[in-house]
Amino acid sequence: MLEGYDRGWRQDLRDGETPYYVNVSPGSYTFRLRGANSLGVWNKEGISLKVIVHAPWYMTWWAYVLYGLILLGGVFTVDRFQRKRLVGREREKTQQRELKQAREIEKAYKELKSTQSQLIQSEKMASLGELTAGIAHEIQNPLNFVNNFSEVNSEMIDELLAERSKVKGERDEDLEKVILNDIKQNLQKINHHGQRASGIVKGMLEHSRTSDGKKEPTDINALADEYLRLAYHGLRAKDKSFNADFKTVFDEKLPIVQVIPQDIGRVLLNLINNAFYAVNKKAKEDIEGYKPEVHVTTKTTPLHGGVGGGSPSIQIIVSDNGSGIPENIKDKIFQPFFTTKPTGQGTGLGLSLSYDIVKAHGGELRVESKEGEGTSFIIQIPIV
């Protein structure tokens with residue numbers, strides 16, 4: 001009997017017969033053997049043998065640990081693969097979304113640049129329209145002189161021809177000399193005013209043409225004086241009721257500076273128009289004793305308010321005695337599209353463009369204003 005395997009004793013094992021035990025599970029067993037004599041009497045003790053059946057290596061504990069590690073490794077590998085595939089898909093989707101967004105942003109940027117260019121051109125055309133009205137008034141003045149002196153010369157020539165047609169003894173040669181001298185003076189005046197009209201037209205063309213970005217030696221006093229008068233007459237042409245006093249305080253020793261005259265002219269025109277707009281608006285409030293005034297001042301001063309070490313610069317100040325700028329919007333006036341004017345009366349680009357133009361010249365544009373008392377715009381441009 002194999003204890004732990006057999007349920008009872010096996011009987012009558014013949015001589016030479018071998019007992020077989022199959023499918024014995026791994027474990028510890030005791031093999032017992034008893035014998036009987038010819039009379040059938042069994043010995044009580046018999047013999048016993050301790051038997052240990054070892055499990056095959058693939059059923060050992062360390063084999064099961066290995067199986068567990070392999071299983072965990074497989075699960076980990078599959079998980080990593082799945083995660084990597086999911087991450088790859090998500091990355092691809094993200095790249096597609098980013099690419100789509102980039103295309104949309106690029107499209108929006110191009111549309112924005114196009115709109116910005118149109119608005120800038122609109123602002124330039126608006127300033128050109130205001131300038132044209134002033135030029136029309138300015139050019140009419142010298143043309144009136146040209147027409148008047150031409151008519152006078154025509155009459156003098158008729159008078160001279162009448163005197164020359166007389167017989168020699170009756171002709172007054174002194175009168176002829178006086179008439180010829182007057183005609184010569186009138187022709188000089190015609191030439192002077194013709195040149196003045198030509199200069200105004202040239203200035204208009206300079207303002208209207210696209211800037212080539214080249215700086216030229218420029219008389220700032222002359223430029224400021226011209227645009228001040230053109231701005232005033234331009235507003236008068238649009239609003240016959242508009243009226244204001246304007247004054248210039250120019251530094252006669254102001255040096256010639258290298259600037260782009262068309263661009264600085266646009267800045268001056270914009271600031272002067274704003275000043276006239278401010279005083280005209282306040283004048284319509286019927287404040288007793290109020291007289292609208294706009295001043296344009298030029299002088300030499302250190303750039304950025306430097307003391308001693310500041311680089312020399314010219315300063316142009318456009319000031320008015322209007323209502324001033326409220327403190328809560330003073331920091332916003334140079335922002336693109338910000339305007340305090342009613343809808344349709346301003347694009348909100350004038351001061352922004354002016355600020356950029358002055359910065360491009362290496363200078364600065366700042367504002368000083370006190371609510372209820374007026375505003376001053378200060379342009380500073382380095383002397384190069």
Would you say that more than 12 heavy atoms from the other residues, nucleotides or ligands in this model lie under 6.0 Å from the CZ of Arg164, or not?
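Not buried by this count: 12 neighbours or fewer within 6.0 Å.
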Tyr355, OH atom: more than 12 neighbouring heavy atoms under 6.0 Å
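No, not enclosed.
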Determine the minimum heavy-atom distance between [X] and [Y], stating which atoms define it.
X: Gly322; Y: Val279; result: N-CG1, 4.0 Å
X: Gly46; Y: Arg34; result: CA-CG, 3.9 Å
X: Ser313; Y: Pro382; result: CB-CA, 3.7 Å
X: Ala231; Y: Ile272; result: CB-CG2, 3.6 Å
X: Thr30; Y: Ser48; result: CG2-CB, 4.0 Å
X: Gly363; Y: Lys359; result: O-CD, 3.6 Å

Report yes if the side chains of [X] and [Y] come closer than 4.5 Å at any heavy-atom pair, otherwise no.
X: Phe334; Y: Leu365; answer: yes
X: Lys50; Y: Tyr29; answer: no
X: Ile264; Y: Ile379; answer: no
X: Asn221; Y: Asp225; answer: no
X: Ile316; Y: Leu271; answer: no

Which donor-acceptor pairs under 3.5 Å do side chains of residues 246-261 form with protein atoms, sequence neighbours excluded?
| unit_1 | atom_1 | unit_2 | atom_2 | d |
| --- | --- | --- | --- | --- |
| Asp251 | OD1 | Lys253 | N | 3.0 |

Taking [Y] as the starting point, is it possible to reach [X] by hopping between hydrophobic residues whose side chains are less than 4.5 Å apart?
X: Phe31; Y: Trp9; value: no
X: Leu49; Y: Tyr5; value: yes
X: Val65; Y: Trp57; value: yes
X: Val294; Y: Ile287; value: yes
X: Leu69; Y: Tyr58; value: yes

Would you list the atom pairs, donor with acceptor, under 3.5 Å between side chains in residues 88-107 and any protein atom, with sequence neighbours excluded?
| unit_1 | atom_1 | unit_2 | atom_2 | d |
| --- | --- | --- | --- | --- |
| Thr94 | OG1 | Glu90 | O | 2.8 |
| Thr94 | OG1 | Arg97 | NH2 | 3.3 |

So, the side chain of [X] versus the backbone of [Y]: is there a donor-acceptor pair under 3.5 Å, distance only?
X: Thr301; Y: Gln315; result: no
X: Asn43; Y: Gly35; result: yes
X: Asn280; Y: Phe276; result: no
X: Ser150; Y: Val146; result: yes
X: Asp79; Y: Val75; result: no
X: Asp6; Y: Met1; result: no
X: Lys282; Y: Gly372; result: yes
X: Glu3; Y: Arg32; result: no
X: Ser369; Y: Gly374; result: yes

[atom1]-[atom2] distance between [X] and [Y], expressed to the nearest 0.5 angstrom:
X: Glu159; Y: Ile179; atom1: CD; atom2: CD1; result: 4.0 Å
X: Ile190; Y: Asn147; atom1: CD1; atom2: CG; result: 9.0 Å
X: Lys370; Y: Lys330; atom1: NZ; atom2: NZ; result: 10.0 Å
X: Asn186; Y: Asn191; atom1: CG; atom2: CG; result: 12.5 Å
X: Phe377; Y: Asn270; atom1: CZ; atom2: CG; result: 8.5 Å
X: Glu226; Y: Leu228; atom1: CD; atom2: CG; result: 11.0 Å

Less than 4.0 angstrom from a charged side-chain N to a carboxylate O is my criterion; do Arg366 and Glu364 meet it?
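Result for this pair is yes, salt bridge flagged.
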Would you mind checking if Asp263 and Arg266 are paired as a salt bridge, meaning a charged N to carboxylate O distance below 4.0 Å?
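Yes.
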In terms of side-chain heavy atoms, does Asp320 have a donor or acceptor partner in Tyr277 at a distance below 3.5 Å?
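The answer is no; no qualifying pair exists.
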Hydrogens and angles aside, do Asn243 and Tyr232 bring a side-chain donor and acceptor to less than 3.5 Å of each other?
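Result is yes, a qualifying pair exists.
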Please report the C-alpha distance between Gln188 and Lys184 in whole Å, then the side-chain angles of each, then the deciding distance to 0.1 Å, and finally whether the side-chain contact (heavy atoms from CB on, under 4.5 Å) criterion is met.
CA-CA 6 Å; Gln188 291 174 344; Lys184 181 179 179 180; 3.9 Å; yes
Does Ile314 form a side-chain contact (heavy atoms from CB on, under 4.5 Å) with Ile383? I'd like the steps, not just the answer.
CA-CA 7 Å; Ile314 63 163; Ile383 299 172; 3.9 Å; yes
Phe149 vs Phe145 aromatic rings, parallel, tilted or perpendicular, using cut-offs 30° and 60°?
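If you compare the ring of Phe149 with that of Phe145, the planes turn out parallel.
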Taking it one step at a time, do Leu66 and Ile70 satisfy side-chain contact (heavy atoms from CB on, under 4.5 Å)?
CA-CA 6 Å; Leu66 179 62; Ile70 293 173; 3.9 Å; yes
List the steps and the verdict of side-chain contact (heavy atoms from CB on, under 4.5 Å) for His295 and Ile317.
CA-CA 8 Å; His295 294 174; Ile317 305 171; over 6 Å; no
